[in-house]
S.K.: 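Below you'll find the structure I mean.
Just so it is clear, the values below take in all heavy atoms, side chains as well, and ignore hydrogens, waters and symmetry mates. Note that the structure is a prediction, hence the values are computed from the model and not measured.
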Amino acid sequence: QTDKKEEALQNWLEVLRIAEEFDDKLKTSKYLNNLGIWYENDNSFSRSIEYYNKSLVIKEELADNRNYGKTLHNLGQVYFEMGDYENAIDHYNRSIDMKSNLNDLVGLNKSILNKGITYFFQSDYDNALKEIRQAIKLSKKLKRDKLIVEKDRYLGMTYFHQSQYD
């Protein structure tokens with residue numbers, strides 16, 4: 001398993017090198033982002049942040065706003081996994097702003113939910129409820145029933161922690 005993981009990493013680094021060699025900024029940004037995901041899954045959070053940030057610089061240069069918002073969301077997830085909830089919320093907020101401007105409702109929904117979950121882990125249940133309710137409302141608008149069930153679970157957990165049982 002470790003050999004395959006290492007092989008995958010080497011392959012990503014090689015395609016990144018090739019994209020950089022050909023000065024293909026779009027692919028370079030994509031591969032930097034994929035390396036950020038790889039390192040995040042490996043729990044190498046500082047490396048993940050490094051690659052995500054390098055990807056953001058190129059995305060900003062290319063005005064690739066849709067993917068910029070996705071990478072901000074990914075950074076929010078990394079900070080959340082690190083327990084750095086303030087940075088997570090900051091990145092989710094920036095992602096929400098970007099996705100709102102692009103009318104990317106599916107991406108917006110994910111960032112709003114993750115922001116709510118982050119508030120939940122901070123024991124800020126009022127803000128958690130606000131965000132989770134907003135995510136449920138958006139899921140209903142998008143007719144994404146599976147997402148509604150997931151959000152209802154977080155809503156229930158938040159009410160439980162507030163001792164609101166009815």
S.K.: Under 3.5 Å, is there a donor-acceptor pair between the side chain of N53 and the main chain of I49?
M.R.: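 Answer holds: yes.
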S.K.: May I ask whether Y51 and L9 are part of the same hydrophobic cluster, defined by side-chain heavy atoms of I, L, V, M, F, W, Y residues being less than 4.5 angstrom apart, directly or through others?
M.R.: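 The answer is yes; both residues are in one hydrophobic cluster.
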S.K.: Taking it one step at a time, do N127 and D124 satisfy side-chain hydrogen bond (donor to acceptor under 3.5 Å, both in side chains)?
M.R.: CA-CA 6 Å; N127 278 320; D124 183 348; 2.8 Å; yes
S.K.: Tell me whether S95 contacts the main-chain N or O of G69 through its side chain, where contact means a donor paired with an acceptor under 3.5 Å.
M.R.: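 Flag set: sc S95 to bb G69 pair under 3.5 Å.
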S.K.: State plainly whether one hydrophobic cluster holds both L108 and L102, where clusters connect Ile, Leu, Val, Met, Phe, Trp and Tyr through side-chain heavy atoms under 4.5 angstrom apart.
M.R.: no
S.K.: Got K27 and E20 here, is their nearest side-chain heavy-atom distance under 4.5 Å?
M.R.: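 K27 vs E20: side chains apart.
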S.K.: Quick one, K115 and I112 - any side-chain contact, counting heavy atoms below 4.5 Å?
M.R.: no
S.K.: Are any non-hydrogen side-chain atoms of N114 and E131 less than 4.5 angstrom apart?
M.R.: no
S.K.: Kindly say whether S29 contributes a backbone atom to a donor-acceptor pair with the side chain of N33 at under 3.5 angstrom?
M.R.: no
S.K.: Apply the hydrophobic cluster definition, ILVMFWY joined by side-chain contacts under 4.5 Å directly or through others, and give me every member besides F22.
M.R.: I18
S.K.: Under the ring-ring contact (aromatic ring centres under 6.0 Å, His included) definition, can you give me all pairs with a residue in residues 74-117, not counting sequence neighbours?
M.R.: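 Non-adjacent pairs meeting ring-ring contact (aromatic ring centres under 6.0 Å, His included): H73-Y92, Y79-H91, F80-Y85, F80-F121.
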S.K.: With rounding to the nearest 0.5 Å, note down the distance linking CG in L72 to OH in Y68.
M.R.: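 If I round to the nearest 0.5 Å, the distance is 5.5 Å.
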S.K.: Under a 4.5 Å side-chain heavy-atom rule over Ile, Leu, Val, Met, Phe, Trp and Tyr, are L35 and F45 clustered together?
M.R.: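 L35 and F45: separate clusters.
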S.K.: Check whether L56 and W12 end up in the same hydrophobic cluster, where Ile, Leu, Val, Met, Phe, Trp and Tyr are linked by side-chain heavy atoms less than 4.5 Å apart.
M.R.: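 In one cluster with L56: W12, no.
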S.K.: Please determine whether side-chain hydrogen bond (donor to acceptor under 3.5 Å, both in side chains) holds for the pair K59 and S55, giving the CA-CA distance in whole Å, both sets of side-chain angles, and the decisive distance to 0.1 Å.
M.R.: CA-CA 6 Å; K59 286 175 175 137; S55 179; 2.7 Å; yes
S.K.: With a 4.5 Å limit on heavy-atom distance, are the side chains of Y52 and E40 in contact?
M.R.: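 With C-beta onward as the side chain, the pair touches.
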S.K.: Ion pair present between R47 and E50, side-chain N to carboxylate O less than 4.0 angstrom?
M.R.: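 Looking at E50 together with R47, the answer is yes, because their closest N to O distance falls below 4.0 Å.
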S.K.: Would you say V106 and I96 are hydrophobically clustered, going by side-chain heavy atoms of ILVMFWY under 4.5 Å?
M.R.: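 In one cluster with V106: I96, yes.
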S.K.: With side chains defined as the heavy atoms from C-beta onward, is the minimum distance between N101 and M98 less than 4.5 Å?
M.R.: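 No, every pair of side-chain atoms sits at 4.5 Å or beyond.
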S.K.: Could you check whether R17 pairs with E14 (Lys NZ or Arg NE/NH1/NH2 to Asp/Glu carboxylate O, under 4.0 Å)?
M.R.: yes
S.K.: Between the side chains of N93 and D90, is a donor N or O closer than 3.5 angstrom to an acceptor N or O?
M.R.: no
S.K.: Do I37 and N41 have side chains that get closer than 4.5 Å, going by heavy atoms?
M.R.: yes
S.K.: If we count only N and O atoms by modelled type, under 3.5 Å, do the side chains of S139 and N109 hold a donor and an acceptor together?
M.R.: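 Distance-only check passes for S139 and N109.
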S.K.: Under a 4.0 Å N-O cut-off, is there an ion pair linking D23 with K25?
M.R.: yes
